[in-house]
Amino acid sequence: MSTRKTNSSLSRRRLLKGAALAGTAAVGTPLTGRAQETPRPAGPVTPAPNPAMESGRPPEMPIIQGTSGSDYMADVIKSLGIEHVACNPGTSFRGLHESLINYLKIDWHTCTHEEASVAMANGFAKIEGKPLLTLAHGTVGLQHASMALYNAWCDRVPIYMMVGNTVDATKRAPGGEWFHSVQDAGAMVRDFMKWDDQPGSLTHFGESAVRAYNIAMTPPMAPVLLVLDSEMQDGPIPPHEKLVIPKLPKIAPIIGDPGAIAEAAQLLVNASNPVLVADRMARSQAGVDRLVELANILQCAVVDLGGRMNFPSRHPLNQSERARAVVSQADLIIGFELENFWGATHAFHDNIERYAETVIRPGTRLVSIGAAPLYVKANYQDFQRFAEVDLTIPADGEATLPYLIEAVKRALPADRRAVLTTRGEKLGQAHQQAINALKADALYAWDASPIATSRLAAEVWEAIRNEDWSIGGISSNNRPLWPQRLWDMSKYYHHTGPAGGGGIGYGAPATAGAALANKKHGRITLAIQSDGDLMYSPGILWTCAHSRLPVLYVMHNNRAYHQEIMGLQRMANRRQRGIDRTHIGVTLDDPFIDYAGLAKSLGVAAFGPIENPADLGPALKQAVAIVKRGEPALVDVVSQGR
Amino acid sequence: MPHGLGFATLAALLTCCAPALAQNTPPGDANNGKRVYMADGCYQCHGSVGQGSRPTGPHLAPNPVPYAAFAAQVRHPVNTMPPYTSVVLSEQELADIYAYLLSIPPLVDPKAAAILDH
């Protein structure tokens with residue numbers, strides 16, 4: 001004990017500082033304390049103080065290692081075809097980080113917030129059709145990431161996430177590593193993850209990593225999480241582990257029951273006014289092309305609700321502009337990956353007494369084809385109100401379409417084709433009338449300042465329409481979605497829908513992720529970027545600059561959380577209090593945010609703020625030229641509320 | 001799908017009979033009407049020049065509906081528009097807003113917006 005008393009505080013601090021590197025290992029080595037004077041029976045023995053522990057690393061401790069657990073992890077990750085990482089760094093996964101950059105030399109994208117890295121992964125997966133890897137601390141990083149994971153869960157997007165954790169309490173450095181350690185990291189997000197695991201060995205990791213990928217990529221796709229012990233990452237591969245890389249199987253999506261498909265086909269052939277309603281359906285061009293083929297055969301109305309780009313905007317059978325009209329006249333509605341079937345067939349009124357009414361005719365048959373019923377959880381209510389459909393086919397919509405098409409071909413009598421042709425011609429005329437009305441609508445406020453959202457969309461379209469382009473993330477409330485209405489959209493990547501869970505902060509980083517996926521195809525990625533959404537994670541602009549992502553952000557800068565302004569006004573007017581104070585808490589003014597200045601400070605070329613609509617076209621032209629050189633650009637447009 | 005089934009109905013109510021101006025339109029101050037329009041919530045849903053927006057509210061101008069229909073909608077709205085009673089919006093302010101809507105110039109010539117044809 002006298003030795004302990006003579007140790008300086010400096011020596012003790014050195015011990016504590018070194019604990020993460022070597023001290024904890026020393027605890028596990030045989031200790032040479034004083035001999036026990038009285039022999040004890042078998043059982044735990046409390047070691048006596050060890051002076052060697054108080055004076056730094058024992059000379060026999062290894063200082064280099066020949067193998068690394070995280071190198072094996074990197075090999076497994078590579079075997080899954082994962083080519084990119086998006087993450088904010090963290091000590092709890094430093095081992096894997098080092099293996100990924102030095103051993104695997106993976107393509108790395110530094111993010112300034114975990115929510116941004118997961119949203120970036122979300123936008124990437126929607127274009128690429130497979131996930132990138134995102135990493136985070138098991139506690140604070142996962143907490144930051146949780147909202148973005150929820151968006152991906154609601155949106156049926158595969159997110160492949162790993163977080164670090166130090167499981168063995170005796171191996172945690174004092175202080176920070178305790179804050180960053182957790183018994184059950186997955187518990188925090190398990191309600192909106194498809195699967196998670198905390199492997200207990202490297203062999204266990206290999207199996208769980210492949211299992212997780214398989215689960216994430218099987219429709220309904222969804223996020224998965226692996227919690228990686230820091231000791232397992234950092235340390236050498238234990239001699240007893242005979243490591244192999246498990247084989248990733250080819251993943252086949254679930255096809256609908258043949259009998260049910262035949263029944264749906266018969267209903268389609270017999271119906272007078274069938275309507276195909278698609279939401280999160282097309283995850284590839286095959287999905288778009290198949291829906292076009294089915295619609296062309298049937299010459300029936302198609303309504304694209306916009307969860308994905310499901311159906312060409314200028315196809316004559318596209319009736320999305322007059323969705324309520326065709327739904328109300330339908331005698332059969334088939335929903336493809338339409339999770340809110342009830343919402344598509346009802347009008348909901350947000351009055352003092354909230355009420356709803358059906359908008360379909362009595363006797364209209366409803367058929368649902370989608371993967372959502374194959375995996376449902378209870379707590380979060382993303383499954384929407386129960387819809388009384390006549391036939392549910394739990395299956396992947398895109399993969400089931402070819403079988404439905406063949407069934408329709410078999411069921412369609414030759415003498416029915418003339419009737420269908422006439423139906424299609426009428427729908428084509430209605431489509432053209434709706435487009436003409438839409439263009440007339442766009443003339444309103446054409447020269448207004450703040451700039452009308454219709455003018456904004458028209459000018460952006462003029463700037464990019466001759467390029468290969470892709471809208472990245474769409475903020476959930478970024479309506480009225482003029483691009484989807486005005487632009488000629490025909491490719492699945494022309495847009496990939498909004499944030500699944502309505503969580504703001506998705507749009508800007510998801511656009512960056514989409515840009516990463518689009519880059520190798522030479523596509524311009526762009527966003528009509530809500531101001532409120534950007535301010536959740538403005539650091540993504542720096543990521544775009546740092547990673548040389550060709551992306552164009554066009555600010556829809558209405559200087560407010562505009563949806564919330566209208567909600568507050570509704571409350572204030574109901575209560576007859578006036579609305580002179582309803583700007584409080586919902587506007588982004590005093591001072592106005594200088595988005596161009598913000599972008600420039602983060603390394604992104606920027607223009608604006610633009611308030612005169614005549615100035616918009618020239619600025620966009622310059623910005624597109626920059627993006628075509630492979631760099632990001634931002635144009636700040638001071639715009640109308642909606 | 002847009003939530004408001006009643007949008008089309010409301011739009012029709014507010015724009016179908018646009019040409020006629022009621023003879024008993026009260027006098028109003030367009031400048032003050034613009035101020036009130038922008039400050040008291042019309043702008044948020046209907047845009048700064050009454051252009052409307054599909055998910056939030058229909059066109060109001062140019063060519064607003066007759067004053068009686070306009071006042072009825074503001075005071076006792078159909079569908080989900082919040083009511084502006086005389087407690088929060090005076091009769092004179094209502095007349096001023098209407099005067100502002102009347103002052104909004106006609107739509108641009110479609111030739112000036114030729115990019116819409118692309």
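Letters go in sequence order (proteins before strands), and every chain restarts at 1. As the structure is a computational prediction, the values presented were derived from the model and not from experiment.
For A:Glu462, the part lying under 4.5 angstrom from a heavy atom of chain B is the side chain only. Looking at A:Arg314, the atoms closer than 4.5 Å to chain B (heavy atoms on both sides) all sit in the side chain, from C-beta outward. Contact annotation for A:Ala458: both backbone and side-chain heavy atoms come within less than 4.5 Å of a heavy atom of chain B. The parts of A:Leu443 that come within reach of chain B are both its backbone and its side chain, each placing non-hydrogen atoms under 4.5 angstrom from that chain. In this structure, the portion of A:Arg465 lying under 4.5 Å from any heavy atom of chain B is its side chain and not its backbone. Contact of A:Arg577 with chain B is made through the backbone alone, with heavy-atom distances under 4.5 Å. When heavy atoms are compared at a cutoff of 4.5 Å, B:Ala113 approaches chain A by way of both its backbone and its side chain.
With a 6.0 Å cutoff to the six-membered ring centre and a 45° limit on the axis angle, A:Arg354 does not count as a cation-pi contact of A:Phe348.
In this structure the side chain of A:His562 never reaches within 4.5 angstrom of the side chain of A:Val586, judged on heavy atoms. Looking at heavy atoms from C-beta onward, A:Leu305 lies out of side-chain contact with A:Arg280 at the 4.5 angstrom threshold. With a 4.5 Å cut-off on side-chain heavy atoms, B:Arg75 and B:Glu91 count as touching.
Highest contact tally toward chain B, considering only A:Asp441, A:Asp447, A:Ile435, A:Asp304, is held by A:Asp441 [criterion: heavy-atom pairs under 4.5 Å]. Among B:Val88, B:Val49, B:Asp109, the residue making the largest number of heavy-atom pairs under 4.5 Å with chain A is B:Val88.
In this structure, a donor-acceptor pair under 3.5 Å is absent between the side chains of A:Trp482 and A:Ser454.
Taking the ring centroids of A:Trp461 and B:His118, they lie at or beyond the 6.0 Å cut-off.
Using bins of under 30°, 30° to 60° and over 60° for the plane-to-plane angle, the ring pair B:His59/A:Tyr444 lands in the parallel bin.
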